[in-house]
Asks: 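Once you've had a glance at the structure underneath, I'll fire off some questions.
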Amino acid sequence: MTGMDLFANLPGLLLAVPLIFAFATPLIGRYLPRARDGWVLLGMVLTTVIGLLIASAVFTGGTVAYTFGVPDPSVTVPPDSGGIPVRIIFNIDAMSAFMVVIAVVTGLCVMLYSLSAASRSSGKDGYYTLFLLLVAGVLGMVCTGDLFNFFVFLEIASLAGAALVAFRVDKGIAIEAGLKYAMLSTIGGLFFLLGVALLFGQYNTLNIAFLAERMGTTGLTTPDAVALVLFVTALAMKCGAVPMHFWAPDAYAMAPAAVTAFLVVSSQASLYALFRICFSLYGQTLNTVLLGWFIIILGLLSMFIGVTMAILQKDVKRLMAYHAVSQTGYMLLGVGVGLAVLSSPLLLSNFGMMAMEGGIFHIMNHAFYKGLLFLTAGVIFYRCGTRNLNDLGGLGHSMKWTMLFFIIGALAIAGIPPFNGFASKLMIYESVFSFNPLLSIIAMVVSILTLASFVKVFHSIFMGPKRPEFADVTEAPLPMLFGMGVLSILVILFGIFPEQVVEVMVAPAASALADQAGYIGSVMGGA
Amino acid sequence: MIGNAPFFVAMLLIIIGITGMLTRYNLVRIIISLTILESGVNLFLVSLGYREGGIAPIFTGSPDGALMVMPTVQAMTLTNIVIGLATTALLLSFIMVLHRRYGTCDIREIRRLRG
């Protein structure tokens with residue numbers, strides 16, 4: 001195989017590498033237990049390199065369509081098929097590439113962190129296998145251009161995620177959370193499949209681009225609308241939006257910290273799918289104003305209920321989990337506003353695109369600062385053995401670096417400059433204000449409540465005199481600090497240079513999402 | 001009308017499954033309801049591809065212009081059956097651990113996660 005071939009087949013390798021490494025991990029663990037950590041790290045590094053190469057190819061050269069099972073993967077429509085894309089196609093546009101970047105970067109940091117976090121626990125083979133499977137599932141979800149294929153990856157990610165949530169049995173409580181997560185994921189998955197079946201029954205295809213094209217010619221029929229309701233329900237549940245958020249705090253709180261940081265990314269892959277279906281699949285055939293408002297309202301509910309529930313929590317990870325629900329609301333709000341004005345080019349260019357860019361940028365920022373916060377919570381649990389805010393205190397004396405990382409994460413989530421949360425939130429505030437000032441004000445109030453809540457957490461964990469029961473607590477191990485450090489640097493860099501990030505990655509992603517014809521054209525040709 | 005019977009049965013199974021999950025308290029029964037829901041979805045998928053009088057979609061040795069059933073949905077159904085098997089196995093193993101720890105499968109008693 002020459003270098004060119006290898007490069008052309010990168011999207012296939014993006015899946016193959018984590019899967020091969022995942023399934024080989026138990027074997028390596030059985031026969032060469034010492035090589036295991038290096039093996040899984042190698043797998044994750046390779047995946048990261050492939051992911052970043054694909055992303056850079058997409059950001060410089062436009063959408064990459066990759067067809068499985070043909071000599072030339074760029075031929076999406078076989079010449080003898082009568083213009084129907086019959087094979088499974090990965091359709092990686094700028095939005096997908098954006099999600100790939102988030103997934104591989106967070107995945108790598110989490111893997112580094114895991115190497116020392118899991119060093120004391122048993123069953124590491126299973127842990128790393130499941131983790132790499134989760135990574136493969138998320139990458140598949142964000143790359144695929146085929147609805148049924150998406151369902152399969154959704155289930156892979158859900159099963160691996162549920163098993164990881166329950167990984168540390170913790171007297172049965174973690175199992176309870178895992179059971180809840182697995183059950184709701186399965187129900188969501190089945191709803192999604194039912195929607196896919198309804199669309200297949202009408203249009204005889206599973207390819208998103210081809211479905212969109214055919215739906216554009218027939219207009220919105222009743223089964224399409226039913227399918228849309230099923231998709232939105234399933235994916236809003238999977239991304240943890242209120243009122244289907246109840247699994248999120250349990251699963252996020254009970255999973256090992258490293259897993260939680262990546263579960264956030266997996267929820268955001270569902271959020272990506274929700275946007276993909278609203279924009280690329282249905283797009284102009286819909287009454288986008290209505291659907292846009294529906295998503296805005298979901299977002300507002302998530303923001304507000306998430307933050308108010310968070311203030312009441314005593315468990316630091318559960319508190320952060322409710323904040324994750326609340327931050328998902330910002331993304332829904334930003335992109336929802338974009339969807340609501342999608343049919344009006346004037347409004348779209350005035351503030352709609354900016355709202356979408358803000359919402360999409362927030363996905364990336366959230367993955368990084370929330371990942372960072374969950375990792376600091378994990379370090380605290382690793383060293384102190386408790387997550388209860390009432391029992392913790394005075395850790396600022398012994399865990400200076402962890403405290404610094406926590407401050408960075410907390411300020412970023414509250415939207416304080418110069419951290420990345422500020423950059424994306426400012427974009428959301430500004431653009432949403434031109435759409436409807438009230439929405440923007442609610443978003444700001446939620447940010448203030450978030451800050452208040454994190455000030456409380458900071459005070460009760462790090463401030464105060466050194467407690468006798470934590471006298472022998474020391475700083476976190478080096479690989480953990482390294483994983484957190486990489487994320488903090490990203491948080492700060494993205495906060496100082498938001499324009500560059502928006503220009504290179506976010507703006508192409510937002511315009512790719514809004515451009516339905518471009519998405520169809522990348523598979524069907526023409527356009 | 002009779003041609004639509006599989007769809008009615010599929011919807012009935014889906015409704016039975018959802019009702020079962022909402023009204024039962026025993027975890028094993030909830031899992032059974034989940035599998036009923038899954039069977040409903042599978043039946044819906046397979047019936048979408050059925051053509052009356054169609055034969056299995058194997059081109060080798062089939063008469064010219066023969067009416068065939070749709071193979072895609074059958075492949076989808078098989079995939080979903082496999083996924084369902086994995087999910088059910090995972091959920092049942094969770095229930096086994098829970099039963100060992102708590103001594104019950106009743107969700108009214110397994111409620112340590114709150115708020």
Side-chain angles (χ1 to χ4, degrees), chain A residues 86 147-149 151-156 158-160 162-163 165-166 169-187 189-202 204-206 230 246-247 249-251 253-254 309-310 312-315 318-319 322, chain B residues 7 10-11 14 17-18 21-22 27 30-31 33-50 70-73 75-77 79-80 82-105 107 109-115:
Chain A
V86 288
L147 276 182
F148 187 70
N149 201 226
F151 164 76
V152 174
F153 286 120
L154 180 74
E155 289 292 321
I156 292 176
S158 303
L159 282 176
V165 167
V169 177
D170 206 2
K171 302 190 194 76
I173 305 178
I175 298 276
E176 225 178 293
L179 183 75
K180 213 183 238 186
Y181 183 62
M183 191 96 83
L184 287 168
S185 303
T186 313
I187 299 171
L190 287 175
F191 275 17
F192 190 89
L193 184 61
L194 198 59
V196 175
L198 282 169
L199 289 187
F200 184 84
Q202 284 199 82
N204 265 332
T205 178
L206 295 167
L230 289 168
F246 37 82
W247 62 268
D250 296 347
M254 295 320 298
M309 291 298 288
L312 307 173
Q313 300 305 316
K314 297 272 181 295
D315 178 328
R318 211 173 164 77
L319 181 142
Y322 272 111
Chain B
F7 297 110
M11 285 305 151
I14 291 170
I18 294 174
M21 276 188 288
L22 294 176
L27 275 174
I30 294 178
I31 304 292
S33 309
L34 190 65
T35 46
I36 294 176
L37 168 62
E38 199 183 293
S39 314
V41 178
N42 284 339
L43 179 62
F44 184 75
L45 276 172
V46 171
S47 4
L48 278 178
Y50 180 69
M70 282 288 291
T72 319
V73 278
M76 287 161 70
T77 312
T79 315
N80 191 37
V82 176
I83 291 174
L85 182 75
T87 321
T88 316
L90 182 73
L91 287 170
L92 288 176
S93 62
F94 282 170
I95 294 178
M96 277 171 62
V97 180
L98 276 183
H99 189 265
R100 207 175 298 150
R101 301 268 171 177
Y102 295 180
T104 176
C105 285
I107 51 166
E109 292 166 38
I110 307 174
R111 282 267 171 105
R112 299 216 191 149
L113 290 167
R114 279 184 177 280

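Everything quoted here is computed from the prediction, not taken from an experiment. Every chain is numbered from 1, with letters handed out A, B, ... down the list of sequences.
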Asks: What distance separates A/Leu184 CG from B/Met21 CE, expressed to the nearest 0.5 Å?
Replies: 9.5 Å
Asks: Below 4.5 Å from any heavy atom of chain B, which atoms of A/Ala253 appear? Answer side chain, backbone, both or neither.
Replies: neither
Asks: Assess whether side chain to side chain contact (heavy atoms under 4.5 Å, CB included) is satisfied between A/Asn204 and B/Met70, documenting all intermediate values.
Replies: CA-CA 10 Å; A/Asn204 265 332; B/Met70 282 288 291; 3.8 Å; yes
Asks: Verify the neighbour count for atom CE of B/Met96: are there more than 12 heavy atoms of other residues, nucleotides or ligands below 6.0 Å?
Replies: no
Asks: With only heavy atoms counted, which part of A/Leu312 is less than 4.5 Å from chain B, the side chain, the backbone, both or neither?
Replies: neither
Asks: With only heavy atoms counted, which part of A/Val196 is less than 4.5 Å from chain B, the side chain, the backbone, both or neither?
Replies: side chain
Asks: Does a side-chain heavy-atom distance below 4.5 Å link A/Met183 with B/Ile30?
Replies: yes
Asks: Check the pair B/Phe44, A/Leu193 against side chain to side chain contact (heavy atoms under 4.5 Å, CB included), reporting the backbone distance first and the verdict last.
Replies: CA-CA 10 Å; B/Phe44 184 75; A/Leu193 184 61; over 6 Å; no
Asks: Answer whether the closest heavy-atom distance between the side chains of A/Phe151 and B/Asn80 falls below 4.5 Å.
Replies: yes
Asks: Side chain from CB out, backbone as N, CA, C, O: work out which of these in B/Ile107 comes under 4.5 Å of a heavy atom of chain A, or both, or neither.
Replies: neither
Asks: With a 4.5 angstrom heavy-atom cut-off, could you sort out which part of A/Phe246 is near chain B: side chain, backbone, both or neither?
Replies: neither
Asks: Quick one: what part of B/Leu91 sits under 4.5 Å from any heavy atom of chain A, side chain, backbone, both or neither?
Replies: both
